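We use all heavy atoms of the structure for the numbers below, so side chains are in, but hydrogens, waters and symmetry mates are not. In this text, all values refer to a predicted model and were calculated from it rather than measured experimentally.
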Protein chains: 2
Amino acid sequence: MTQVHREQHAEGERTPFDEIERSLMQISWLAQRQFMQLLDDERFRLTVPQFYTLLHLEPLTEACKMSDLAEATHQSAASLTGVVDRLDEKQLIERVRDAKDRRQVMVAVTTYGRELVAEIKQARREQMQMALAHLAETEIEALMVLLDRVLSGMARTLERAEGGRLA
Amino acid sequence: MTQVHREQHAEGERTPFDEIERSLMQISWLAQRQFMQLLDDERFRLTVPQFYTLLHLEPLTEACKMSDLAEATHQSAASLTGVVDRLDEKQLIERVRDAKDRRQVMVAVTTYGRELVAEIKQARREQMQMALAHLAETEIEALMVLLDRVLSGMARTLERAEGGRLA
DNA sequence: GTGATATACTAAATGTTGTTGATTATCTAG
DNA sequence: CTAGATAATCAACAACATTTAGTATATCAC
């Protein structure tokens, strides 16, 4: 039933570009839904923005300024405060005032936060394996390369579109 | 399945699978943000669920039952009612009671709704072209095929995960 | 020190999605 | 005709993200 659209409508031919566009749109939607379901699991109880904020902190060895975090995760500072509040309540991150510049608040993931991210990634991995189970190994590798290139392009357009909006 | 090559990677090292996973996560996040920005434009003023609901109706030649629409867009019936309400207010869709079974409400996109979807797609296309501008034609084609396969896998896992939850 | 700027937070308001459980209208089986 | 199922909605509520504008604190240039 996900292919319903394929059927008809020949007012203007479908180009490969249209197909990619549609695929990306549907992937975006399905991925989001699927991931929301996962994050909503009783083990995690996270929202999507909360997770991606946490995900950005997770690999860092040092704490991260709020403003940098906002920029990196493409959220406004005011919005981020709320998100970080909720992560803080759950003890997934820690807020520390910077000693040098006491205006700044440095955010760092806690051990528990790291563990949770690992758990989520593992759960996600299992979902993903099911989704990619029917791809050959060479296809996986090709996909990896292509996605990387798409990603870099998307990041660029996003940054361009933001011009000052979140500043 | 494809765990084979995982073993030969040292701990802490990124496997191709990890890379795809990370790319998909980031694409999902960036795509969502980017798209939200676009839909929030004064021309459209739509939310993501509203758009995907509309997108599902757009290619259909006939009206669609609420319950079918809910299933197809992976939303609960009660939730969908609200979404459709807002699409209705904006005159992007029309609700008609089915003549045969008067319990059913059939939803169909309006001409204006189709126009708006076309506009959004066009705007999206421009964003997308910027993002894909650096890919070769053969890469685009390869990407198209792969995305299609990923998509079908994702749809399957999503449906499996939903088992009864939205019924 | 003073004034301007930077940083993060707060408050208040808005809108959306989502859930649960009840409700209305309709259909169908017997 | 009645009992029960079905389709969609409604009501009431919770949670979140988001925006705007304002505030407290700290820094820096002078």
Polar-atom pairs under 3.5 Å, protein N or O versus N or O of nucleotides 26-30 of chain D: list them with distances, or write none.
from, atom 1, to, atom 2, distance (Å)
D:dA26, O3', A:Arg102, N, 3.4
D:dT27, OP1, A:Lys100, O, 3.0
D:dT27, OP1, A:Arg102, N, 2.8

Atom pairs, N/O to N/O, protein against nucleotides 10-17 of chain C, distance under 3.5 Å?
from, atom 1, to, atom 2, distance (Å)
C:dT17, OP1, B:Thr47, OG1, 2.4
C:dT17, OP2, B:Arg86, NH1, 2.1

- Spacing of A:Glu71 atom CD relative to C:dA8 atom P, expressed in whole Å: 12 Å

- Task: For A:Arg95, check salt bridge (Lys or Arg N to Asp or Glu O under 4.0 Å) against everything at least two apart and list the hits.
- Result: A:Asp85, A:Asp88

- Residues which pass salt bridge (Lys or Arg N to Asp or Glu O under 4.0 Å) with B:Glu119, listed by chain and number, not counting sequence neighbours: none

- Task: Please name all residues satisfying salt bridge (Lys or Arg N to Asp or Glu O under 4.0 Å) with A:Asp101, sequence neighbours left out, ordered by chain then number.
- Result: A:Arg103

- Task: Mind calculating the distance between CE (B:Met66) and C1' (D:dC10) to the nearest angstrom?
- Result: 12 Å

- Among the candidates D:dT9, D:dA7, C:dA8, find the nucleotide nearest to the side-chain atoms of B:Val105. D:dT9

- Item | Interatomic spacing from CD in B:Gln75 to OG1 in B:Thr81 - rounded to 0.5 Å | 10.0 Å

- Under the side chain to side chain contact (heavy atoms under 4.5 Å, CB included) test, which residues partner A:Ala63, sequence neighbours left out? A:Met106, A:Ala108

- By side chain to side chain contact (heavy atoms under 4.5 Å, CB included), which residues pair with B:Glu141, not counting sequence neighbours? B:Glu137

- Item | By side-chain hydrogen bond (donor to acceptor under 3.5 Å, both in side chains) - contacts of B:Arg43 (at least two apart) | B:Asp41

- List for me each residue that meets side-chain hydrogen bond (donor to acceptor under 3.5 Å, both in side chains) alongside B:Gln91, sequence neighbours excluded, and say none if there are none. none

- Message: Does D:dT6 have OP1 or OP2 under 4.0 Å away from a side-chain N or O of B:Ser67?
- Response: no

- Message: To the nearest 10°, give me the bend of the helix from C:dG1-D:dC30 to C:dG30-D:dC1, comparing the axes of its five terminal pairs at either end.
- Response: 10°

- Query: By side chain to side chain contact (heavy atoms under 4.5 Å, CB included), which residues pair with B:Val96, not counting sequence neighbours?
  - Reply: none

- Item | Residues which pass side chain to side chain contact (heavy atoms under 4.5 Å, CB included) with B:Ser79, listed by chain and number, not counting sequence neighbours | B:Ser76

